[in-house]
Amino acid sequence: MVVDVTAVREARLGDKDSFARVYQQIADDLYRVALYSLGNAHDAQDVVSETFIEAFKGIKNLRDDNSFRPWIMRILSIRCKRKIGQYISGRNELDIDDFLDLTEEGEGVEEHSTQKLALVSALETLTPQERQIIALAVVQGYTVRETAEILGAPQGTVSSKLHRTLKKLRAQLEK
Amino acid sequence: MKPDRQEELQESLDFLRGRFEELNRDIKLPHSLDAEVLRARLEEIEEVPEERSGKVIRWRAIASVAACFVVVLGAVWFLNSGAAKSADLLNGPALAEAETAEMPETAADMAAAPADAPAEAAMPMLASAASGGAEAAYYAADYTEVRDTIYRLAGDRMLKGSFSGDLYLADGAAPEAGAVGDAAPAADAGGMIRSAPAAFSGTNVQEAGVDEADIVKTDGKYLYSYVYQNTTSQSPAIFIADAQEMTLTATIEVDPAIDEFYLDGDRLVTVGYSADELPAPKQTVVEATDDSLVDRSAASGDAASWNGGSWDGGVEMTVYDISDPAEPQEVRTFRQDGNYVSSRLMDGTLYLVSRKYVYADLTDKRTPLSDIVPVCFESGAAEPRLLPADKIAIAPDCSSADYAVVSAVNVRTGKSDTRAVLGGGDGVYMSTDNLYVYYDSWRGSVSDSESYRRTGIVKFSAGGKLDLMGTAWIDGYVDGQFAFSELDGNLRVAATAEYPVKGVSNNLYVLDSGMRQIGRLEGLAPGERIYSVRYLGEMAYVVTFRETDPLFAIDLSDPRAPKVLGQLKIPGFSEYLHPLDDGLLLGIGQSVDERGTANGVKLSMFDVSDPLNPKELYVYNFGGEGVWAEALSNHKAVLFDEERSLFGFAVDTGFGRIVSRYYVFSYGKDADGFTLKAKISHDDFGPNAFSGVNRGLYIGNTLYTFSPDWIVSYDLDSFTRKEILRLK
């Protein structure tokens, strides 16, 4: 959803309702990135609600109202990174149930489910850091440069990691 | 990025976006994250001070949300002896007896592992752990065996066709087989400590004598700081500064970037990821092996539609001569396949560990051998070389087509010795004698007595020549390098395991030099997982946590019989444990609020002088939300000065914009615990994105603090500021 710049300004000036409104506009994106990065709904919820609070407390530091979205994405990414840093090394656990809405009914759902399952299984072979890059560059559609800025990582590293991770994913999906 | 690669990237992105769209439709924002719900929390927010002042809390045995500190001492407990189960030990605070533990008779056995056995003699069969009863690791006979093992492992995720990439084929000669010389130990003492007039701090390493890389180092005369980016920099660089004069001496540009570096005498060694395209040795899989797979796939009608592969990038080591720090000279580089896992430096030899994943169509005649076999490339060599089959070990019971690639490279001569283990690598622990690579392995379904996760451990000798000494499996996963410790040839490992019926529990194993299990302690703190471990001689201290935790003291003086001596329940948990003097242990961790959320930074001082009764003497808390420290997940971020009883590390605070300051504490049992001596910020010199302090070190009486833009020095007694150096 597009972010309402006027609302950002009002939020920056302290209006809680405006902040809530702006948050609503990017909440889905935040949750999605967190879920892909961390692999489970519980941690993703923690991180998103922490980001909500942190962004509210820090929004007076926002320099450009038009950059609200990457700004809050950066806060989220740092929180995700810290959480990942606390995961036991090598842990790639993905909670599949958190990714699939299993109540869906309808035609062709069987086939869809298989495809989705394949994607989720493929995601399971990635590290949380790799999934974080995928969440930003593939799911959210940020460019390599934007992704690098959000993650605070060198562009070359992000580019190579992305390249490698895409290759890894495709290898599993194109069987 | 080359244009072909750019195109390839775009193609992949488009393909994957389509697949993700489906999945995204299923992802719904949970109700708890709806704007109205979260909006309500805004009302609770008051202005919170950035940190609360430290509180001094005397010893108490606590309640509610607590962590578990486990002190493990030697135990009496044989594998098959049917001795008292550990469950009994957990119920009471102490053991009935504290017998003198005797060194086991296997002292002689333990010395047996020959460090200088001829490496490539007929495939050595090596001992492996008793658990699992698996066969031993062995070097492959030829590439066919490697290929077949990969085929078996990767079987159902083998791909038919991959997207196009660059394959730069070297013209001419076939890759040379065989190793390029042995790693010889450095002739001169080299090492970290030059003949500097004053004592200076080194990186906070796990094992004395085994150096670990970091982003700042000193040799007592110069300061070296790696800065990825700052206000004026054009590229990542290592700044070299004269510590006395506080002037900039030289800058080494490291493009594209490195991860971390070492100092070794008059050499500076960087380690990091390298994405440079490299020529691949020309041999293909089918050329190097037999045709059986290809014939089979042709017979079954599988199409081979492979377009090419590309160098996935690897880890690169670069050596600089800094005998004249004003004129650093690049001397050589060494590259190996795989993602950087970790490294160590000891006695002039760099031990480099990376992890290589295999994605290849083994049935395609065009698949290059370098897609399935690790490759190394030294500067000065004509071309990269493939690792010969007899240096590729196949780990027993391995379940994934990943390699741990391990090289020992002599910093001065450049001679290297490389091995690979098919089975994977997640991390490294190195003692002064041996290098252990460990990897995590999952099983979807297990019997009641098996754990879902296991850790494979591969042992290499580390004395100038890499030799595969043995492998073992243990139940559970490990918290990181500190979960391991070698003493008198025995390896102690602490792990968290999860069983179908028993649930989660924590175990401690003792493996002898042949990697056989000779002692264990199981069922510690059921329901919790290990957050930190520290071994001090024959003692192990383990912190576990879930909602309620004790701290355990475990005795390992008899390696065959680890036993719990004492436990303590405390709030919060420690992520990192460090010995202070006088039977004191420092814990750096977090507090936990009523809801069970971890936040803030918490310092604990434990008194473990009486292991039967460990106590938490003092606590220092940094505020709640918005406070974090790199020290929570990186032990190298902490500076210790045992002589002055000081330690320091950087703490991040703030919302939206993070401020990093360096906190220095003095500690003392009789001095009321922790005293904050200094809170150092570089924002005074111009607040911006690059003034966050991240490291500190000392030379003589001076403390140097580092941020991307600055190095600022302070007097270590009065903490008055001395000099400022801008890095540009």
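A, B, ... follow the sequence lines: proteins, then strands. Residue 1 opens every chain.
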More than 12 heavy atoms of other groups within 6.0 Å of B/Arg39 CZ: yes
Within 6.0 Å of CZ in A/Arg145, more than 12 heavy atoms from elsewhere: no
Contacting moiety of A/Ile78, where chain B heavy atoms sit under 4.5 Å: side chain
Heavy-atom contact with chain B under 4.5 Å, split by part of A/Leu30: neither
Pairing residues for A/Asp4 by the side-chain hydrogen bond (donor to acceptor under 3.5 Å, both in side chains) criterion, not counting sequence neighbours: A/Thr6
Minimum heavy-atom separation for [X] to [Y], with atom names?
X        : Y       : value
B/Leu38  : A/Phe52 : O-CE2, 3.3 Å
B/Leu33  : A/Tyr23 : O-OH, 2.6 Å
A/Ala118 : B/Arg19 : CB-NH2, 4.0 Å
B/Arg41  : A/Ser49 : NH1-CB, 3.6 Å
B/Ser32  : A/Gln45 : OG-OE1, 2.6 Å
B/Ala35  : A/Ala20 : CB-O, 3.6 Å

Straight-line distance of [X] [atom1] to [Y] [atom2], nearest 0.5 Å:
X       : Y        : atom1 : atom2 : value
B/Leu13 : A/Leu166 : CG    : CG    : 5.5 Å
A/Asp28 : B/Ile27  : CG    : CD1   : 10.0 Å
B/Glu36 : A/Gln24  : CD    : CD    : 6.5 Å
A/Arg32 : B/Phe20  : CZ    : CZ    : 11.5 Å
A/Phe56 : B/Leu42  : CZ    : CG    : 5.0 Å

Audit row: B/Phe15, A/Leu169, side chain to side chain contact (heavy atoms under 4.5 Å, CB included) steps and yes/no: CA-CA 11 Å; B/Phe15 165 74; A/Leu169 273 182; over 6 Å; no
Max heavy-atom pair count under 4.5 Å with chain B, selected residue of A/Asp17, A/Val139, A/Leu162: A/Asp17
Under 4.5 Å from a heavy atom of chain A, the part of B/Asp259 involved: neither
